[in-house]
Structures are given as structure tokens and as C-alpha cells.
J.: 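Dropping a structure here in C-alpha cells format, bear with me for questions.
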Amino acid sequence: MTAPPDPPISLAARVRASADALTRELDGELVVLHLGSEAYFGLDDVGTRIWHAVCAAPSVAAAIDELAAEFDVERAELERDVVALLARLVERGLLVVE
Amino acid sequence: MSDVIDEHRLYLSDQPRLDAYEAALAAVVRDGDVVLDLGAGSGILGLLACRAGAGKVYAIEETGLISLTRRIAADNGLAARIEHVKALSLDVSLPERADVVCCDQIGRFGFEAGVFGYFADAARRLAKPDARFVPAAIELHVAPVSLPERAADVSFWERPVRGFDVRAATEVARNSGYPCRLEPGHLLGPGARVARQATTVEDAIVGEAELVVERDGTLDGLGGWFRAELAPGVVVTNDPGATARIERRNVFLPIAASVAARAGVRVRVRLHVIPRETLLTWTVEVVTPDGARLARSQHSTFRGMFLSPEELRVTRPDHVPALTPRGRARRTVLELCDGARTVREIEQAVAARHADLFPGLREAACFVAEVVTRYAR
């Protein structure tokens, strides 16, 4: 029996970096160390931009609005990509949903 | 030039350190015990273990210093009781398990010289299930300090050097620990224990403490020291207030900006150490007696490391690495260490196959020596 999938990240939610996540930026790419798991994660330039946008915005939707103005991509596709990335980052404890 | 011999002279002239280790080994070692001395150095702990009754000591030392360790043991009539192994303990297999494991890989702040990793490994592979470890546990202590000269070392990077902007180093400078010798006069208030951990446990060391400033001054950061329990009731420490303080420097952990702190101010500290990464994160919050926040900053040696995008790129999971010319030469040496060829044959083969790297046999021989002394017997 498999566990039910986690609910998707709500667009109304506010997301912030976990207190256990230490970040460093090198040449526009983020390296994140999770103190709890002692694992390192790398985000490419697009992932890094999404990280900064969602951590600064009052909601995931507001971050997507901001990113939609920067990236030449359909909004629905951008929304899917951002939510999918956030789900992975939340699952690893790097971001927390408030 | 090498300062190794002088470093060991200092270790051997540090009476509080020798007193504590001698007392601890006398208390812990039983007649006939097998003792493991990890990172033996001059071998003093093994000699003291013999004096305490050890039947057999394995002195494990990775560097060429082991020739001195061996000579000193022989000169003291202990060649038969001390077996010297030139290796890192993590790479060693022994014919018997130890009753006692000792070392002084404690560092200035209790964790950064590797004791937790070496002892955790020894507990798994090299020691009996009921073995005694010296030290058995280590505590990390911090105090609020006024240390303007060290704070100036951190802020040094904020000013131009010969007209050049060097502020790129500021993040690394603020996220580094600095060796220093703390004196009681540097402390703005008493120190407190933040964490204590058994030395055979390599898990993260996490702890919190609330420090109280007892005299007005400029808070520049935290001063840190260790307190290692060698045996019940026997401690070594570089605590600046201890009467039997050993001759080892302390660590200064800066905060984002110095704070004018009056008596009564609280300094809340959280430490998170990842021993296997030698990584320290410190979070400092300064609050008035009525709880108003004066400052808060988080620092980590993760941000103090010199990381390059090039290094990160080759460690990405989806990256397909390829050997450099020097990597190929190393692979050649390793493959030729097949139990049949001599070093001379390997040198000649490496010089012939990697003529682009080594202009002659002599250069190839130096390279081969580096590899075989590390990876071959």
C-alpha cells in the first residue's frame, strides 16, 4: 500500500527558507546545505531565481506573477514547474510553507 | 621548512596536558590491556599507557613522524610493547581489538581535529564493545567576549587595500572562526556549556545557551573553548579561567557587527556542529534584559569555505566526470601496483606513458612516490 500523495503547494501559501537551510550563491547558482540531513543541494540559475522569488513574495502566486514577467513561458507551465520544484524543496526540508 | 618538531615540543612541555593524560591513562588502563593511540605524534600517550600497565600499544601515525615515534619507544625499552603502524586509523585493520583507545585530536574547539570521526570508526572496527575511550566526552563552551583586535581582523576586508576593493572576502571573513588566546579580561560575562557529546558519536552536536553580560563593554563575538573528559574526574581544557589550562589557543567566533553591551544584556547562542564536515554554524541573538533585540546574526563555516563553481560543477549528480592528465597518471600508478612490478618499473612506465606531464624520470619518480606512499604497501 502506498502513501497518498502530499497535497500540492497552495498558490496562496507563503513559502520561506527553513531555519535548517544554509545557502550560498556562486555565479548565480545556489548551494543549499540542510543542517538536519547534512546533505547539500544545488539549484541552477532558474531554480535559484525561483528560490529567491518565492522566499521574498507574500505568496507562491505573487512569486509566479513576478517570474511570469521574466520568463518567456506559458503561465500554466510556469506554475506547474514552480509548484513541482517547491514540492521537492519542501519535501527535503529546505523550504517551509507558512 | 617544518614546524612539526616545534609543535611536538610544545605538546610535550605542556604540563597540565601531560598531567591530565597521565592521570587518565593510569585510571583507565588495566594491566595487560591492548591500547590504541590514534594520531600518535611523538608517541607520548602510548608511553604513558605502557607505564599504566598496557600489555600492547598500537601507535598509529599517518605521517613520517612515526620514525621518531618508533625511535623514542625503542630508546625507552618499549619497542616490544608498542607496535607502530604508519597509516590513518580509518584505513587500519588490527589483529586484535583494543581495551582502551586514546588520542588528542581535539583541536581548539573540541571537534575540528577529528576526534569524533576517528573514535566512532574505532568503536565500530577496532575496539572491544566495552572499550574505554580517552577522552570519553567533550563539551563545547562559549562566552561573550570583547576582542577588538580579532574583530579588526574580520572588518579588515571592508576597507580598500592599495586602492583596491577587497570586500568580496567579507562573507568568508564573517563566517570563519579565528584562533586566539582568550584571557579572563576578554570575557564580558561567564562562559556556559553549549553542548556535550560522547566521543564515539559522530552525529551533529547541537546546543543552546543564554549568556549574561556582567560588565559594560563592546561585544565583538563569542570566545570558544573545549572541556574534554579524559576519565572520570580528569579533564583537559583550554578554558581561559581554568587553573590547569592547557597551552592551546581558543577560537573567536565573530558576529555581524560589534554591539555596545551593558551589564544585564543576554546573549542567546545556538551552535550546530557537523563533525564529519568540520562545519560549525553559530547563531547569536543579543537582547536587553527586558527582551528587546539589539542584534541577531547567523554565521557558518559553510559560508566561510572557499568554494569554486568549477568544483561544484564536477560534483553535480548529473555531471559526467572525465580524468585530467594528472588523474590518468595516478590511475596508471594505481593499476601498475599489481603486486608484481617494482617501483622502478612503475616509474619508467609512468614516465613513458605520461611524457606530457613529466619531463624526465626524476619528475615521474616523485609523482609515483606520492601515490605509492599513500595508497600502496
Side-chain angles (χ1 to χ4, degrees), chain A residues 6 14-58 70-71 73 77-78 80-98, chain B residues 111 116-117 120 168-177 194-195 197 201-208 253 256 268-285 296-319 321:
Chain A
D6 289 334
R14 182 183 153 85
V15 171
R16 61 176 174 76
S18 160
D20 275 342
L22 298 179
T23 60
R24 272 191 83 170
E25 203 163 326
L26 285 169
D27 276 8
E29 299 190 357
L30 210 62
V31 184
V32 190
L33 166 63
H34 189 265
L35 288 174
S37 63
E38 301 181 11
Y40 292 87
F41 301 88
L43 291 176
D44 64 13
D45 53 348
V46 175
T48 299
R49 179 66 194 104
I50 293 171
W51 174 286
H52 288 312
V54 297
C55 288
E70 293 176 30
F71 293 106
V73 62
E77 186 184 342
L78 176 66
R80 270 198 312 276
D81 289 349
V82 169
V83 168
L85 176 63
L86 295 188
R88 293 208 303 275
L89 296 174
V90 169
E91 183 189 355
R92 287 163 173 76
L94 305 175
L95 292 176
V96 291
V97 180
E98 288 188 329
Chain B
F111 70 92
F116 291 99
T170 304
E171 187 186 28
V172 169
R174 288 179 181 163
N175 288 282
S176 297
V194 184
Q197 185 144 305
V201 177
E202 203 186 4
D203 297 346
I205 305 168
V206 183
E208 296 180 341
L253 303 173
R268 295 175 184 152
V269 178
R270 177 181 164 81
L271 293 185
H272 189 122
V273 178
I274 301 179
R276 61 174 62 85
E277 304 267 350
T278 322
L279 203 141
L280 169 66
T281 300
W282 64 103
T283 307
V284 182
E285 184 179 29
R296 183 183 188 283
S297 55
Q298 186 189 57
H299 309 257
S300 177
T301 54
F302 169 60
R303 299 192 186 106
M305 290 190 278
F306 288 104
L307 288 178
S308 71
E310 292 84 354
E311 288 166 325
L312 286 178
R313 205 164 295 130
V314 298
T315 58
R316 277 189 188 156
D318 59 351
H319 177 69

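Order of the sequence lines fixes the chain letters, A, B, ..., with proteins taken first and strands second; residue numbering starts at 1 for each chain.
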J.: By side-chain hydrogen bond (donor to acceptor under 3.5 Å, both in side chains), which residues pair with Arg80(A), not counting sequence neighbours?
T.: none

J.: Sequence neighbours left out, what passes side-chain contact (heavy atoms from CB on, under 4.5 Å) with Val269(B)? Give chain and number order.
T.: Val142(B), Leu211(B), Leu222(B), Val267(B), Leu271(B)

J.: Suppose we screen for side-chain contact (heavy atoms from CB on, under 4.5 Å). Which residues come up paired with Ala195(B), at least two apart in sequence or across chains?
T.: Ile205(B)

J.: For chain A and chain B, what donor-acceptor pairs lie under 3.5 Å, backbone included?
T.:
| unit_1 | atom_1 | unit_2 | atom_2 | d |
| --- | --- | --- | --- | --- |
| Thr23(A) | O | Arg303(B) | NE | 3.1 |
| Arg24(A) | NH1 | Phe302(B) | O | 3.0 |
| Arg24(A) | NH1 | Met305(B) | O | 2.5 |
| Arg24(A) | NH2 | Met305(B) | O | 3.0 |
| Glu29(A) | OE1 | Arg316(B) | NH2 | 2.3 |
| Glu29(A) | OE2 | Arg316(B) | NH2 | 3.3 |
| Leu35(A) | O | His272(B) | NE2 | 3.4 |
| Glu38(A) | OE1 | Arg276(B) | NH1 | 2.9 |
| Tyr40(A) | OH | Glu277(B) | OE1 | 3.1 |

J.: Could you tell me which of Leu35(A), Leu26(A), Leu33(A) has the largest number of non-hydrogen atom pairs under 4.5 Å with chain B?
T.: Leu35(A)

J.: Using a 4.5 Å cut-off on heavy atoms from C-beta on, say whether the side chain of Val31(A) contacts that of Phe302(B).
T.: yes

